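Remarks on the structure that follows.
Here the structure is a predicted model, which is why all the values come from computation and not from measurement.
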Amino acid sequence: MRGIILFLIIVWTGFSSFAQWQPAGDRLMTRWGKELRPDRVWQEYPRPIMEREVWKNLNGLWEYAVVPMGSPEPETYEGQILVPFALESALSGVGRVLEANEELWYKREFQIDLAWKKKRILLHFEAVDWKTDVWVNGVKVGNHSGGYTPFTFDITSALVKGDNRLTVRVSDPTDQGIQPRGKQVRRPEGIWYTSVSGIWQTVWLEPVPEHSISYLRVTPDIDRRILSVEVSTESRGVVQVEVSAGGKTVSSSRSLCGQRIEVPMPADMLLWSPESPFLYDLSISLWEGNRCVDRVKSYAAMRKYSVKRDESGIVRLQLNNQDLFQYGPLDQGWWPDGLYTAPSDSALLYDIAKTKEWGFNMIRKHVKVEPARWYYHCDRLGMIVWQDMPNGDRGPEWQNRNYFKGTEYVRSSFSESVYRKEWQSIIDHLYSYPCIGVWVPFNEAWGQFKTEEIVRWTKDYDPGRLVNPASGGNHYTCGDILDLHNYPTPELYLYDAQRATVLGEFGGIGLVCKEHLWEPSLNWGYIELTSNEEAMAEYEKYATILKNLICRGFSAAVYTQTTDVEREVNGFMTYDREKVKLDENKLREINKEICNSLEKK
């Protein structure tokens, strides 16, 4: 009886805690946000490119406090915050802005499973914006600066039996700092959106052996039929890679730790493409003597991104040595209830699936980096991704300052180092995801500096992908692509005979859908229409112009945009994802015709 009573007390305490949480404010909500349960938030494995079976999710309700910068840890915390949603978001349950002179503290307790007793324990943060310090049981375990990529601390030596106390301190200057931040500002307006501070992706624990696999770098070479795998580990043993399809091993290879493993692929290997996104399963194991000490699961695709001059002399983008017109939406990746963080994995998947349904074969991920699962879904569904570097070191007021020398922004040495560190971290983080075909270091001259040097470094660091130097920005004859922006209609006003010429942004048809607005007024689009029929007709007009420009030199195009975002109402969907503004059947037919425009008859 005492056991039953204790169980009921624990259950009641849990329900009472969850009942205290509710979304902050009265802003627009998605269906996924409305269905959210604090005890089941973001439970999916966060790192699908390198997966182990055993892990522990730390998402859920934590304690939080906001204090003046430089204050000690508060003795009393203010309340609960739902991790992994940023402080400013409705789904965090808080919904307040973190000022540049403030710090955000988090606190929670956790226990280590008894089965992990002889393991090293890793604490993973998938993303925290921006500067982070972490303690376990009062012991400093590490710090990190950067808002878009994962970081990990080995916390084994700081652990105790029973309850362990995890404390996190975050500061984020948003547009008062030089750090990469994308479209975040403290005072949102126009194309600039609500700031995002603190933990905004999954936090989790992982037990690993004394010697373990820490990183994978997977590179396909379809011309040589080789899959190269680089495995990072402190072991001096042997690494084995097995490649399988449908549960059947098709190839394998072994090497000493520290050596690149080249796995020969069969003559009938299957290639990855938007039409056929085939993925091979990988098993990577670490051996010391005759004992397997660690094993992770992964996946890979055999695909190739390149450029080549066609019969008419136009430089075209190619996938797997075939011309392919890449066409897709500008995807901001914002949510009315979660801001940077989708309410759930299902919500994250929804935008990609709809983009696929609409007949697109590409997505430009605009000045933001998504959780790893977003790229995993693109890999599975077959969506090519153009990955932007989130801009920083300038705000919407930059036009009024003497920031530029000639045509490039002048950064401090510290600002340069922050940019380079985070750009490298983003490339390292996303390198092995097959969907990424193009790196975009700069957008529209926002903080653009030393373009030729940055592009050369990017190309050398990852020679297997294309580099778009500056989408719509200051143009230099480097990289693989010349990228034009023109609103609202497509226009080919520059052309590069030595690189692929693309239309990196156009469109922006604005259509207000009442009951689905972030704000009832102050909404805008690049062109404002009043009915779905008008919007569809305008899109058809733009598509006809674009098709006529493909034969004249365009090799890709990006339409603005996937969804409405805050005051912008130029999305295919409303901000809450409840309404598609255009006729989906017509949209699919038009887009597929554009994507297939370079197919040889």
Side-chain angles (χ1 to χ4, degrees), residues 6-47 55-66 74 76-98 104-113 123-129 132 134 163-168 170 194 196-206 334-350 370-374 576-577:
L6 179 61
F7 172 76
L8 292 174
I9 290 173
I10 293 172
V11 170
W12 171 253
T13 302
F15 281 138
S16 176
S17 176
F18 298 146
Q20 294 175 17
W21 173 88
Q22 61 180 2
D26 58 358
R27 290 286 196 180
L28 196 65
M29 294 282 289
T30 65
R31 75 193 80 158
W32 303 278
K34 294 173 183 177
E35 298 169 353
L36 189 67
R37 286 179 49 186
D39 60 331
R40 297 294 301 167
V41 60
W42 275 100
Q43 296 295 296
E44 294 79 12
Y45 192 83
R47 190 188 57 201
W55 67 295
K56 185 172 185 176
N57 196 316
L58 295 183
N59 292 339
L61 290 169
W62 295 36
E63 293 183 73
Y64 86 96
V66 176
T76 303
Y77 280 64
E78 297 176 33
Q80 292 184 318
I81 185 170
L82 186 58
V83 171
F85 298 104
L87 181 75
E88 294 87 346
S89 71
L91 293 181
S92 72
V94 182
R96 62 153 292 183
V97 173
L98 183 70
L104 169 60
W105 285 79
Y106 295 85
K107 181 178 70 172
R108 68 155 293 161
E109 291 187 346
F110 66 91
Q111 292 188 341
I112 297 299
D113 295 353
L123 172 62
H124 298 281
F125 293 84
E126 288 300 296
V128 182
D129 196 1
T132 311
V134 182
D163 291 335
N164 287 270
R165 185 172 182 262
L166 172 59
T167 311
V168 179
V170 178
T194 304
V196 173
S197 301
I199 298 169
W200 67 276
Q201 290 186 34
T202 293
V203 184
W204 56 295
L205 295 169
E206 181 182 36
W334 287 75
W335 300 81
D337 39 16
L339 299 180
Y340 253 21
T341 311
S344 69
D345 189 61
S346 297
L348 195 72
L349 172 61
Y350 182 81
E370 291 289 355
R373 292 191 63 84
W374 188 86
D576 59 5
R577 278 69 169 175

Just wondering, more than 12 heavy atoms not from D163 lying within 6.0 Å of its CG?
yes

Would you say Q43's side chain and V41's backbone share a donor-acceptor pair under 3.5 angstrom?
yes

Starting at CZ of R40, measure out to CG of N59 and round the result to the nearest 0.5 Å.
11.0 Å

Is there a side-chain contact between D337 and R27, using heavy atoms and a 4.5 Å cut-off?
no

Sequence neighbours excluded, the answer for ring-ring contact (aromatic ring centres under 6.0 Å, His included) partners of Y64 is none

Closest contact, heavy atoms only, A347 versus A342
CB-CB, 4.3 Å

Measure the spacing between OH of Y106 and CD1 of I199 and express it to the nearest 0.5 Å.
4.5 Å

Taking K107 for its side chain and A65 for its backbone only, find out whether a donor-acceptor pair lies under 3.5 Å.
no

Distance (rounded to the nearest 0.5 Å) between T167 OG1 and E63 CD
10.0 Å

By ring-ring contact (aromatic ring centres under 6.0 Å, His included) - contacts of Y350 (at least two apart)
W32

Validation row: V170, S197 side chains within 4.5 angstrom (heavy atoms)
no

For W204, the ring-ring contact (aromatic ring centres under 6.0 Å, His included) test, sequence neighbours excluded, returns Y45, W55, H124

Grab the two heavy atoms, one from M29 and one from P23, that are nearest each other, plus how far apart they are.
CE-CG, 3.8 Å

ring-ring contact (aromatic ring centres under 6.0 Å, His included) involving W334 - partner list, sequence neighbours excluded
Y193, Y340

Closest approach of P343 and W335, non-hydrogen atoms and distance?
CD-CE3, 3.6 Å

Pairwise side-chain contact, P336 with T30, heavy-atom cut-off 4.5 Å (strictly under)
yes

To the nearest 0.5 Å, atom CG of L205 lies from atom CG of L58 at 4.0 Å

Could you give the distance from CH2 (W200) to CD (E126), rounded to the nearest 0.5 Å?
10.0 Å

Worked check of side-chain contact (heavy atoms from CB on, under 4.5 Å) between V83 and V203:
CA-CA 8 Å; V83 171; V203 184; 4.1 Å; yes

Salt bridge (Lys or Arg N to Asp or Glu O under 4.0 Å) partners for R577, two or more places apart
D351

Identify the two heavy atoms, one from L104 and one from V66, that lie closest to each other, and give their separation to 0.1 Å.
CD1-CG2, 4.0 Å

side-chain contact (heavy atoms from CB on, under 4.5 Å) between R96 and L87, intermediate numbers included:
CA-CA 6 Å; R96 62 153 292 183; L87 181 75; 4.0 Å; yes

Kindly give the heavy-atom pair with the smallest separation between A24 and G93, and that separation in Å.
CB-C, 3.8 Å

Determine, step by step, whether W21 and L36 satisfy the side-chain contact (heavy atoms from CB on, under 4.5 Å) criterion, reporting the C-alpha distance in whole Å, the side-chain angles of both residues, the deciding distance to 0.1 Å, and the verdict.
CA-CA 11 Å; W21 173 88; L36 189 67; 3.9 Å; yes

Test side-chain contact (heavy atoms from CB on, under 4.5 Å) applied to L349 - qualifying residues, sequence neighbours left out
H377, R380, L381

Can a donor-acceptor pair be found, under 3.5 Å and without considering hydrogens, that links the side chain of N164 to the backbone of I112?
no

Distance, nearest 0.5 Å, that separates CZ of F85 from CG of L339
10.0 Å

